[in-house]
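Scroll down for the structure; my scribbles are underneath it.
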Protein chains: 2
Amino acid sequence: MTRKQREIQEREQQILALARAILVREGYQALSMDRLAAEMEYAKGTIYNHFPNKEEIVAALALKSLEKRRKMFERAALLAQGSRKRMTAIGCACDIYASECCEHFAVEQMLRISAIWEKSSQTRQKLIQQCEFRSMSIVAGIVRDAQAAGDLKLPVGLSAEEFVFGFWSLTYGSHALISSSPSLAEIGIENPVRSIRYHGWTLMNGFGWQPLETFEQTEAWTAELAEGIVKHAHEDE
Amino acid sequence: MTRKQREIQEREQQILALARAILVREGYQALSMDRLAAEMEYAKGTIYNHFPNKEEIVAALALKSLEKRRKMFERAALLAQGSRKRMTAIGCACDIYASECCEHFAVEQMLRISAIWEKSSQTRQKLIQQCEFRSMSIVAGIVRDAQAAGDLKLPVGLSAEEFVFGFWSLTYGSHALISSSPSLAEIGIENPVRSIRYHGWTLMNGFGWQPLETFEQTEAWTAELAEGIVKHAHEDE
DNA sequence: TGACTTTTCTGACGAACCGTCAATAATGTT
DNA sequence: AACATTATTGACGGTTCGTCAGAAAAGTCA
């Protein structure tokens, strides 16, 4: 009873690992159930016993990716002290996630294509929304702490979550553009990641988030922090 | 000679119009060459005479969409006076583009999926890059004017284009998240568009872009401006 | 006009993929 | 060992893609 079940769970992970490898190396269209079955040396029906369709596989991978990022958020928030530094650390984690764990970011983006999201199961959709909610809570929590500590005063009519949404958009938007716009350099954007860090820093200044620091100071300790985040990110899988 | 050629060109536009309608109503997977042929009442081969594959159709539509936005940028820049207001007007145009012309924004996003971009023809890719470059030039031009007029001082090491990239990321990111995240409201983001306008305004303040205005003032004249942009946007097609 | 070349159009075709399901094999139970 | 349950298989029908030889239409010229 239990051995067989363990075998099946084991195989499920193998399928996901193989699927992720194919997705990263050759893209979404290269992922087919026939191929998955062939490379796993199982019949197609067996794969369908695990996942009702291709989209569900991508959704499962995306959920794992989102969870990885959530963990990175938790780590980042722990590694830094002071509300503003903790917020900066979150941004740093996002940068690392998108570059160092780019296979995760890529899968996460696939989920944003309506076709995949809509065909995935409702239970998976719920889990994904919960994971997003928890990530948001981590960051919104930092903002609330900042308010409580007197480091930041939110304008009236802007919730902590809406405040976070700005930084989320800035960061997500930049990574999406970087990964999908083939020639940013050609249109004059030499160092997109650094530029966005500068914008994030400026945006915090705009909101008067204390304590103020020069951008150079911020960059200096961010570099150290990044090492810590990267280490954690790679070791837990 | 010429009549037949005109007929063919005419038909190409009909194909694109039909394709866009299907894409908007039923999404990317619903668009098939067989269906296109059937609804056009032509054989499939004829459709393939116009476009070598499905991706090329989407790319053609995306190019049209990008050009529409470029025109909106030009209009927006004309309708406002003063560098900061002109920049704000561009942001306003983006909002209108993503909401009012959401079918265009949706197609533009499809292009960002690697599969489509890679299968589209090189000539089309070049055209798209040119169009993006011209859009960027419009906005970077506003930034340079602002510098020349003394309204804005860019930090050293940040080019005008990299400066624009921040606003681009903020705006694009928010619209992408809004259109793909099913339940922003559930995670505490009631009014995402207004939030991002606030962030954009704050970011400009952070860079010290003159003349300063309260957010309420900005919102007031932006509402008027929006009407003008919407009018233009809808009338030229 | 009629015989011709050239261009455009057609739809049957092979290949790839999806998801199903009756039949078969493996495993568990008594 | 006989039976029940669960897991696995791969052939199948259906859909889409992109091709291409041959049919139809348009253009050319005596």
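Numbers restart at 1 for each chain; the letters A, B, ... are given by sequence-line order, proteins then strands. Because the structure is a prediction, the values reported are computed rather than measured.
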Residue set satisfying side-chain hydrogen bond (donor to acceptor under 3.5 Å, both in side chains) with A:Arg144, at least two apart, ordered chain then number -> A:Glu161
Which residues share a side-chain hydrogen bond (donor to acceptor under 3.5 Å, both in side chains) with B:Glu74, sequence neighbours left out: B:Arg70
Can you sort out the partners of [X] under salt bridge (Lys or Arg N to Asp or Glu O under 4.0 Å), two or more places apart, ordered by chain and number?
{"X": "B:Glu103", "answer": "none"}
{"X": "B:Glu41", "answer": "none"}
{"X": "A:Arg124", "answer": "A:Glu56"}
{"X": "A:Lys54", "answer": "none"}

Write out a two-atom table: protein N or O, nucleotide N or O from nucleotides 6-9 of chain C, distance below 3.5 Å.
from, atom 1, to, atom 2, distance (Å)
C:dC9, OP1, B:Arg11, NH1, 2.8
C:dC9, OP1, B:Arg11, NH2, 2.9
C:dC9, OP2, B:Arg11, NH2, 2.9

For DNA chain C, produce a single dot-bracket line, 5' to 3'. Pairs: Watson-Crick or G-U wobble, both distances under 3.5 Å. Symbols: ( ) within strand, [ ] crossing, | other strand, . unpaired. ||||||||||||||||||||||||||||||
For A:Trp117, all residues meeting ring-ring contact (aromatic ring centres under 6.0 Å, His included), sequence neighbours excluded: none
Could you list all the salt bridge (charged side-chain N to carboxylate O under 4.0 Å, His left out) pairs where at least one residue sits in residues 163-190 of chain B, not counting sequence neighbours? none
Pairwise salt bridge (charged side-chain N to carboxylate O under 4.0 Å, His left out) hits with a residue in residues 104-118 of chain B, at least two apart: B:Arg69-B:Glu108, B:Arg112-B:Glu132
NA contact type, B:Lys44, heavy-atom cut-off 4.0 Å: base, sugar-phosphate, or nothing? base
Check each residue of residues 14-36 of chain B for a non-hydrogen atom within less than 4.0 Å of any atom in DNA chain C, then write out the ones that pass by number, or none. none
Strictly below 4.0 Å, N to O, side chains only: are A:Glu39 and A:Arg35 in salt-bridge contact? yes
